Amino acid sequence: MRKLLDIDREILSFLKISKNIAQIHQAHAEVVKKGVKQDPVVAFELIWACSSTDSIDYAGKVFAKLEAPNVFHFTALIDGHILLGLVAEAIHLYYEMVGELVHPDSYVTASVLKACGLGLALREGREVHGQVVKLGLSRNRVVGINLMEVYGKCGVFQDAWKVFDDMPEQDAMLRTAMMSCYFDHGRVAEACALFSGVGKKDMLCWTAMIDGLVRNGEMCRALEVFCEMQRENMNPNEVTIVCVLSACSLQGAMEIGRWVHSYLGKFGIDLNRFEGGALINMYSR
DNA sequence: CTAGGGTTAG
């Protein structure tokens, strides 16, 4: 007789490659047939697969049948809700989890803080912050960045800076997150100052800068930064391209837009719905 | 014996 672990492994590898709801249904049928639907790892992979394919109702059904949901299951379900913008439900699930005395870890804490930031749920964010301290997660990078974003998005910058300063290392990622928060509030000068303070700027930092300028109507400066990043031998990716095309479109900078368009191949970028949409938008103006 | 982080048009 095969061990449960061997059966698990087969289903797990199938679950991990399930990319659409049809495959997930098939995998779920296998799980039920093999009688491993209460296996925590299998259940996690199943919920995770549903959550990452926008099948949140199905994820919820699988979750509801679990006899003893653990922190992994809650995290997977919470992340699925966040993906669809259902942040109030995500926060609610976290409270439900704590109420059921399931011990929060850094992953689920980071997830609920992400939801608080997106939902501008300052009160809940502060509560979770208190738990972060109690749980000893204050120095966790992902937790810290999401906590900073809660305060930044809610406009309480002094609290955001407090979190920033208390992190073990103030690197490019942290500064970029802070910069985006200032851009969210139209505070371009502060955002630019942060950008200047980033020592080694990576792709996300450059792109976040361009995006922030575009969102604040600073088209010329956005295009300047785009040129500057290439002088620094940084090749734009598809996200950068969408931001730049958007700037070109709003600015009426057709020459630059055409130039970017003709170089999509050089950057190794295939048109997807984002770039295509941005191009159509630009030319139609 | 499970998983993640900052950037995506209008």
Side-chain angles (χ1 to χ4, degrees), chain A residues 3-6 8-9 11-13 15-16 36 39-49 51-52 69-80 82-83 105-114 117-118 137 140-149 152-153 160 164 167 169-184 191 194-195 198 201-215 222 225-226 229 234 236-251 257 269 271-285:
Chain A
K3 287 183 298 189
L4 183 67
L5 208 61
D6 296 329
D8 280 5
R9 215 166 269 146
I11 296 176
L12 285 178
S13 45
L15 272 170
K16 280 179 205 284
V36 290
D39 180 279
V41 180
V42 171
F44 164 75
E45 291 293 351
L46 188 53
I47 296 169
W48 181 252
S51 282
S52 26
N70 66 23
V71 68
F72 283 81
H73 306 125
F74 274 101
T75 310
L77 194 59
I78 288 171
D79 286 347
I82 293 174
L83 205 60
D105 63 5
S106 66
Y107 285 76
V108 76
T109 305
S111 289
V112 70
L113 286 169
K114 169 67 72 186
L118 292 170
L137 300 173
N140 181 287
R141 295 174 49 67
V142 185
V143 169
I145 217 165
N146 287 315
L147 197 46
M148 251 175 53
E149 279 180 359
K153 282 180 193 298
F164 180 90
M167 291 306 287
E169 201 189 355
Q170 287 73 30
D171 59 5
M173 199 184 291
L174 242 55
R175 287 181 199 280
T176 304
M178 200 66 164
M179 183 181 91
S180 293
C181 289
Y182 277 111
F183 275 130
D184 286 342
L194 268 155
F195 181 71
V198 179
K201 298 178 178 71
D202 62 11
M203 182 63 97
L204 268 92
C205 183
W206 284 104
T207 304
M209 179 65 181
I210 293 169
D211 172 60
L213 288 169
V214 168
R215 275 165 37 216
V225 174
F226 179 67
M229 87 181 271
M234 199 55 100
N237 65 11
E238 36 302 279
V239 181
T240 325
I241 296 296
V242 170
C243 297
V244 170
L245 287 177
S246 163
C248 292
S249 163
L250 294 166
Q251 177 80 357
I269 292 166
L271 277 185
N272 65 23
R273 71 185 174 87
F274 272 124
E275 290 100 67
L279 275 171
I280 289 165
N281 195 275
M282 185 187 74
Y283 287 128
S284 65
R285 281 181 194 246

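Computed from a predicted structure; not experimentally measured. Here is the naming used below: chain letters follow the sequence lines, and residue numbers restart at 1 for every chain.
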Consider the side chain of [X], meaning its heavy atoms from C-beta on, and name the nucleotide among [options] that approaches it most closely.
| X | options | value |
| --- | --- | --- |
| Ala172(A) | dA9(B), dT7(B), dG6(B) | dG6(B) |
| Cys205(A) | dG10(B), dG6(B), dA3(B) | dG6(B) |
| Lys114(A) | dA9(B), dG10(B), dG6(B) | dG6(B) |
| Met173(A) | dG10(B), dG6(B), dG4(B) | dG6(B) |
| Val239(A) | dT8(B), dG10(B), dA3(B) | dT8(B) |
| Cys243(A) | dT8(B), dA3(B), dT2(B) | dT8(B) |

Side-chain (Ser246(A)) to main-chain (Val242(A)) donor-acceptor, under 3.5 angstrom: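 Answer holds: no.
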
Sidechain-backbone polar pair: Asn146(A) side chain, Glu149(A) backbone, donor-acceptor under 3.5 Å: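 Pair absent, no side-chain N/O of Asn146(A) close to backbone of Glu149(A).
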
Check: Phe195(A) ring centre within less than 6.0 Å of Trp206(A) ring centre: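 They qualify: ring centres under 6.0 Å apart.
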
Reckon [X] touches a base, only the sugar-phosphate, or nothing at all at heavy-atom distances under 4.0 Å?
| X | result |
| --- | --- |
| Asp171(A) | nothing |
| Glu149(A) | sugar-phosphate |
| Trp206(A) | nothing |
| Leu245(A) | nothing |
| Asn146(A) | nothing |
| Thr176(A) | base |

[N] [atom2] sits how many Å from [X] [atom1], rounded?
| X | N | atom1 | atom2 | answer |
| --- | --- | --- | --- | --- |
| Glu238(A) | dA9(B) | CD | P | 14 Å |
| Asn70(A) | dA3(B) | CG | P | 13 Å |
| Met167(A) | dG5(B) | CE | P | 16 Å |
| Phe74(A) | dT2(B) | CZ | C1' | 16 Å |
| Ile241(A) | dT7(B) | CD1 | P | 18 Å |
| Leu174(A) | dT7(B) | CG | P | 13 Å |
| Asp105(A) | dC1(B) | CG | P | 18 Å |
| Leu213(A) | dT8(B) | CG | C1' | 16 Å |

First encountered from the 5' end of DNA chain B, between His73(A) and Met203(A):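 It is His73(A), whose closest nucleotide lies nearer the 5' terminus.
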
Working to the nearest 0.5 angstrom, can you tell me the gap between [X] [atom1] and [Y] [atom2]?
| X | Y | atom1 | atom2 | answer |
| --- | --- | --- | --- | --- |
| Met178(A) | Ile145(A) | CE | CD1 | 11.0 Å |
| Phe74(A) | Ser111(A) | CZ | OG | 13.0 Å |
| Ile280(A) | Leu245(A) | CD1 | CG | 11.5 Å |

Contacts of Lys153(A) that satisfy salt bridge (Lys or Arg N to Asp or Glu O under 4.0 Å) - sequence neighbours left out: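 Applying salt bridge (Lys or Arg N to Asp or Glu O under 4.0 Å) to Lys153(A) gives Asp184(A).
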
Presence of donor-acceptor pair under 3.5 Å, side chain of Asp202(A) and base of dG6(B):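 Under the 3.5 Å cut-off, the side chain and the base do form a donor-acceptor pair.
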
Check: Asp211(A) side chain, dA9(B) base, donor-acceptor under 3.5 Å: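 No such pair is found, so the answer is no.
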
Verify stack between Phe72(A) ring and dT2(B) base, 5.5 Å, 30 degrees: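 Yes; centroid distance and tilt both under limits.
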
pi-stack flag for Tyr107(A) and dA3(B), centroid dist under 5.5 Å, interplanar under 30°: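 So Tyr107(A) counts as stacking on the base.
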
Phosphate OP1/OP2 of dT8(B) contacted by Thr207(A) side-chain N/O (<4.0 Å):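 Indeed not, no polar side-chain atom of Thr207(A) lies that close.
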
OP1 or OP2 of dA3(B) under 4.0 Å from side-chain N/O of Lys16(A):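 Answer yes for this pair, as a side-chain N or O of Lys16(A) is under 4.0 Å from OP1 or OP2.
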
